[in-house]
Amino acid sequence: MTHYVALGDSISIDDYPQRETGRAGLGAASLFYRNDDELWPEFAGRDLATLRPGTTFVNLTADGATTDDVLRVQLPSLSERDIVTVTAGGNDILLGLIEGLIERVERIVQRLESSLVFLGTVYDPSDGTNTLYGERLDREAKWLAQFNDAIRNIAASRKHVRLIDIHRHFLGHGISVPQRQRWYWDELIFEPNARGASEVRRLWLDALP
């Protein structure tokens, strides 16, 4: 039996895809566990529930969660876990909680050393323009680049961690393209839409051993 636990922020939750579509269970973590075959037929038979029958699923992700929330709230709730997905850091950057950010991620990864950890970078809905809603975010963009480089280094240096490069995969699907082609929620571009959630799930599936 495989025990799958999702940790982190709104990149993984069901809320925004459900607001867009009116359908439940379309967040990245939920789709990784059990696909919606009607909406996403290309992934039929490609989910943990099918590939690893008997898999359990615990979703501890939360809207607005920071790396500190993962450490202090989500991680202490864990018991059994074999596969853990982690999407965190974006809210830290938006809130300016930069001091100790990389150290917090390293502590998360260290505490999960007995699990296979899928560690995600953070996407950039500005598509490298550093501008959202008419506001320049050059400082935040610098933090984002530094954080994502650190995530790549952390994953490369630890055998139990798989890099999930959400940032690289999502480039070109933000404000640089028409709204219908974006992987972000129309009402708040910091959040994934249903397609975005499915694309995060795609990366997790591709990383499965």
Side-chain angles (χ1 to χ4, degrees), residues 1-18 23-63 65 67 69-90 104-123 151-152 154-170 183 192 194-209:
M1 180 178 291
T2 298
H3 302 282
Y4 165 46
V5 178
L7 302 178
D9 56 23
S10 57
I11 292 177
S12 300
I13 65 175
D14 292 339
D15 187 40
Y16 297 103
Q18 183 170 352
R23 301 168 72 108
L26 295 183
S30 293
L31 289 173
F32 185 43
Y33 174 66
R34 190 181 302 278
N35 185 51
D36 183 320
D37 292 351
E38 182 179 352
L39 187 62
W40 303 113
E42 69 172 295
F43 291 99
R46 294 187 63 205
D47 53 38
L48 288 176
T50 305
L51 297 171
R52 303 187 179 195
T55 295
T56 65
F57 173 39
V58 177
N59 191 348
L60 298 175
T61 58
D63 198 5
T67 53
D69 294 320
V70 174
L71 275 170
R72 296 180 182 275
V73 180
Q74 297 178 11
L75 269 173
S77 301
L78 290 181
S79 53
E80 296 178 296
R81 74 271 186 174
D82 299 307
I83 295 174
V84 181
T85 56
V86 181
T87 56
R104 290 192 294 274
V105 174
E106 290 176 334
R107 288 167 59 195
I108 291 168
V109 167
Q110 184 177 11
R111 289 175 61 177
L112 293 169
E113 61 184 358
S114 63
S115 308
L116 176 61
V117 178
F118 293 174
L119 183 64
T121 55
V122 174
Y123 49 43
I151 292 297
R152 295 179 183 114
I154 289 171
S157 65
R158 291 162 175 80
K159 292 183 179 179
H160 72 292
V161 179
R162 301 287 175 90
L163 173 65
I164 306 299
D165 207 336
I166 299 170
H167 175 267
R168 187 165 295 162
H169 188 59
F170 271 61
W183 293 356
R195 175 64 187 276
S198 180
E199 290 300 322
V200 174
R201 168 269 302 270
R202 183 192 300 277
L203 294 177
W204 289 339
L205 283 172
D206 289 346
L208 275 175

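This chain uses plain numbering: 1 for the first residue, then up along the sequence.
- Using cut-offs of 30° and 60° for the angle between ring planes, the W183 and H169 rings count as tilted.
- For the atom pair OG (S30) and CD (Q18), the distance works out to 9.5 Å, reported to the nearest 0.5 Å.
- The minimum heavy-atom distance between L26 and W40, with the atom names listed, is CD2-NE1, 4.4 Å.
- Across every non-hydrogen atom of V122 and H167, the tightest pair is O-CB, 3.2 Å.
- The two residues A197 and P192 make their nearest non-hydrogen contact at N-CB, 4.1 Å.
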Distance-only check: which donor-acceptor pairs under 3.5 Å involve side-chain atoms of residues 53-63, not counting sequence neighbours?
| from | atom 1 | to | atom 2 | distance (Å) |
| --- | --- | --- | --- | --- |
| T55 | OG1 | R52 | O | 2.5 |
| T56 | OG1 | H3 | ND1 | 2.8 |
| N59 | OD1 | T61 | N | 3.1 |
| N59 | OD1 | T61 | OG1 | 2.5 |
| D63 | OD1 | Y16 | OH | 3.4 |
| D63 | OD2 | Y16 | OH | 2.6 |

Inset, instruction - May I have the step-by-step check of side-chain contact (heavy atoms from CB on, under 4.5 Å) for L203 and D165, ending in yes or no? - result: CA-CA 8 Å; L203 294 177; D165 207 336; 5.9 Å; no
Inset, instruction - With side-chain contact (heavy atoms from CB on, under 4.5 Å) as the test, would you mind laying out the steps for T67 and R107 before giving the verdict? - result: CA-CA 10 Å; T67 53; R107 288 167 59 195; over 6 Å; no
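- The backbone N or O of D47 lies less than 3.5 Å from no partner atom in the side chain of N35, so there is not a single donor-acceptor pair.
- Ring centroids of Y4 and Y33 are separated by 6.0 Å or more, keeping the two rings apart.
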Donor-acceptor pairs under 3.5 Å, side chain of residues 113-120 to any protein atom, not counting sequence neighbours: which ones?
| from | atom 1 | to | atom 2 | distance (Å) |
| --- | --- | --- | --- | --- |
| S115 | OG | R81 | O | 3.4 |
| S115 | OG | R81 | NE | 3.4 |

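- Side-chain contact between R23 and E38 is present, with heavy atoms from C-beta onward closer than 4.5 Å.
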Inset, instruction - Determine, step by step, whether F32 and L208 satisfy the side-chain contact (heavy atoms from CB on, under 4.5 Å) criterion, reporting the C-alpha distance in whole Å, the side-chain angles of both residues, the deciding distance to 0.1 Å, and the verdict. - result: CA-CA 11 Å; F32 185 43; L208 275 175; 4.1 Å; yes
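- Under the 4.5 Å side-chain criterion, counting only non-hydrogen atoms from C-beta, I164 is not in contact with D206.
- In plain terms, the two heavy atoms of Q74 and A65 that are nearest each other are NE2-CB, 3.8 Å.
- Between G90 and D9, the shortest heavy-atom contact is N-OD2, 4.2 Å.
- Partner W204 forms a side-chain contact (heavy atoms from CB on, under 4.5 Å) with one of T85, L31, I83, L48 and no other, that one being T85.
- Using a 4.5 Å heavy-atom threshold, the side chains of R46 and R201 count as separate.
- Ionic pairing of R104 and D69 is not present here: no N-O contact between side-chain nitrogen and carboxylate oxygen is shorter than 4.0 angstrom.
- Shortest non-hydrogen contact noted between S12 and T87 is OG-OG1, 2.7 Å.
- By the salt bridge (charged side-chain N to carboxylate O under 4.0 Å, His left out) test, R195 pairs with E199, sequence neighbours left out.
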